[in-house]
Novice: 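Right, I'll just put the structure down here and ask away after.
In what follows, every chain begins at residue 1, and chains take the letters A, B, ... in the order their sequences are listed.
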There are 2 protein chains.
Amino acid sequence: MGIVFSDLSVSADGFATGLHQSEESPFGDIDETWLHGWMFDDSGDNRAEVEAITASGATIMGRNMFGPVRGEWDREWRGWWGPNPPYHNPVFVLTRFPRAPIEMEGGTTFHFVTDGAGRALELARAAAGDRDVSVAGGPGTVNQFLTAGLLDELRLHVTPCVLGAGVRVFDGVPAQRLDRVSVRATPLVTHIVYRPRR
Amino acid sequence: MGIVFSDLSVSADGFATGLHQSEESPFGDIDETWLHGWMFDDSGDNRAEVEAITASGATIMGRNMFGPVRGEWDREWRGWWGPNPPYHNPVFVLTRFPRAPIEMEGGTTFHFVTDGAGRALELARAAAGDRDVSVAGGPGTVNQFLTAGLLDELRLHVTPCVLGAGVRVFDGVPAQRLDRVSVRATPLVTHIVYRPRR
């Protein structure tokens with residue numbers, strides 16, 4: 001069985017997204033390039049970390065990471081990523097509102113899970129087989145998995161900026177020691193991998 | 001003229017001290033060894049960073065870093081550090097309550113500054129001459145200097161733990177990009193040095 005991992009790009013003050021998400025601003029009222037510019041850098045410095053983000057057999061995400069629609073699914077939103085999303089595997093979206101699966105190009109199918117994070121993980125594990133499961137975000141969802149003890153590995157990509165507001169990694173997560181598995185610095189970002197202790 | 005630097009040991013979620021400081025618990029209701037154990041490690045792995053913390057010609061600190069006394073100086077508190085504090089230079093304590101200087105052993109003299117961070121920095125620079133000035137803490141004081149644009153270098157010592165409550169580095173500091181000067185990982189801690197941009 002694979003592990004359950006999560007990647008979050010965070011500011012030096014720990015924010016992984018801003019406030020006031022909208023269709024035009026998936027990460028809210030921040031300059032998103034501050035957090036994610038390193039992923040689109042041509043140097044190749046961070047290729048291994050970028051590739052690892054989607055190297056899973058199944059993906060879990062919160063509803064806000066899937067889109068800006070709130071409440072009932074009253075419009076035909078199919079994710080932020082166009083017709084061929086970067087996941088290329090089954091994606092389980094946590095929501096309170098049922099919706100039929102959406103099959104996209106390239107192997108991504110969005111499934112909507114209404115009975116909680118634990119159930120989403122069961123489905124994702126079954127879909128992933130021996131491969132890893134990714135909890136893609138947002139930070140609220142990652143914190144939910146951390147709090148429930150369901151995350152094996154958290155890969156923080158710490159960018160040199162202060163955001164001052166938004167949603168933080170670790171918010172609401174119980175006090176605990178972590179194992180720091182690795183640290184790697186490239187010019188644009190500091191990659192730090194933690195594992196919660198069991 | 002030297003630089004103005006600050007060292008803070010922080011948790012993975014950015015807390016540099018806990019809540020509810022008392023005379024028995026200078027860092028409040030946390031296990032202080034989670035944040036500072038690396039400083040007392042015998043391995044020598046972190047010797048350079050430990051020595052750099054006190055390598056200044058003068059020091060500035062907030063009143064709560066100096067002690068648990070609140071309001072008027074109605075008791076003979078002389079700091080947490082015993083008769084020979086580790087600073088060995090003039091220490092300027094920010095407070096609203098005047099008090100005569102206290103000369104300790106080993107070159108440390110505590111001066112009490114009642115007219116603000118800017119004035120404390122003037123006095124510290126004058127005392128330090130060509131040497132650096134350290135803003136020793138706590139995090140509220142460091143954030144005050146960051147917000148005022150008075151800090152040249154912030155050295156974070158990131159420890160693998162989640163604290164979940166306390167006082168955070170960067171709280172209240174305006175959104176901004178930073179320059180990341182260096183990253184060095186040792187088994188117990190990740191040293192990350194930032195410089196605010198001018």
Novice: Could you walk me through whether B:Val183 and A:Val183 pass side chain to side chain contact (heavy atoms under 4.5 Å, CB included), step by step?
Specialist: CA-CA 9 Å; B:Val183 177; A:Val183 177; 4.0 Å; yes
Novice: If we define contacts as heavy-atom pairs under 4.5 Å, which of A:Val162, A:Ile30, A:Val169, A:Asp171 has the most with chain B?
Specialist: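 Of the options given, most contacts go to A:Val162.
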Novice: Applying the 4.5 Å side-chain criterion to the ILVMFWY set and letting contacts propagate, would A:Leu150 and A:Val91 be lumped into a single cluster?
Specialist: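 No, A:Leu150 does not connect to A:Val91 through the hydrophobic network.
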Novice: Below 4.5 Å, heavy-atom pairs only: which of B:Leu156, B:Asp179, B:Asp13 has the largest tally toward chain A?
Specialist: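 Top count of heavy-atom pairs under 4.5 Å with chain A: B:Asp13.
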Novice: Are A:Leu94 and A:Leu121 in one and the same hydrophobic cluster, where Ile, Leu, Val, Met, Phe, Trp and Tyr link if side-chain heavy atoms are under 4.5 Å apart?
Specialist: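 As far as the 4.5 Å side-chain criterion goes, A:Leu121 and A:Leu94 are connected within one cluster.
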Novice: Hydrophobic cluster membership, with links at side-chain heavy-atom distances under 4.5 Å among I/L/V/M/F/W/Y: are A:Phe170 and A:Val135 in one?
Specialist: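 Yes; A:Val135 is reachable from A:Phe170 via cluster members.
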Novice: With a 4.5 Å cut-off on side-chain heavy-atom distances among I, L, V, M, F, W and Y, is there a chain of contacts connecting B:Ile3 to B:Met1?
Specialist: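 The answer is no; the residues belong to distinct hydrophobic clusters.
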Novice: Identify which part of A:Arg180 has an atom lying under 4.5 Å from any heavy atom of chain B, answering side chain, backbone, both or neither.
Specialist: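 Answer is both: backbone and side chain atoms of A:Arg180 are under 4.5 Å from chain B.
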Novice: Distance from A:Leu163 atom CG to B:Arg177 atom CZ, nearest 0.5 Å?
Specialist: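 Spacing of CG (A:Leu163) from CZ (B:Arg177) equals 10.0 Å.
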Novice: For A:Glu103, look at atom CD and say whether over 12 heavy atoms of other residues, nucleotides or ligands are found less than 6.0 Å away.
Specialist: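 No - once you tally the heavy atoms of other residues, nucleotides and ligands closer than 6.0 Å, there are 12 at most.
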Novice: Counting only non-hydrogen atoms closer than 4.5 Å, can you tell me which residues of residues 186-198 of chain B sit against chain A?
Specialist: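 Expected list: B:Thr186, B:Pro187, B:Val189, B:Thr190, B:Ile192, B:Tyr194.
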Novice: Select all residues of residues 47-84 of chain A having any heavy atom within less than 4.5 Å of some heavy atom of chain B, and report them by number, or 'none'.
Specialist: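 Counting heavy atoms that sit under 4.5 Å from chain B, no residue of residues 47-84 of chain A is involved.
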Novice: Answer yes if A:Leu8 and A:Leu146 sit in the same cluster of Ile, Leu, Val, Met, Phe, Trp and Tyr residues linked by side chain heavy atoms under 4.5 Å apart, and no otherwise.
Specialist: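 Both belong to a single hydrophobic cluster.
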Novice: Which residue out of B:Pro174, B:Ser11, B:Ala185 racks up the most heavy-atom pairs below 4.5 Å with chain A?
Specialist: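 If we count pairs closer than 4.5 Å to chain A, B:Ala185 comes out on top.
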Novice: Counting heavy-atom pairs under 4.5 Å with chain A, which one of B:Ser182, B:Gly172, B:Ala12, B:Gly14 comes out on top?
Specialist: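 Sorted descending by pairs with chain A, the first entry is B:Ala12.
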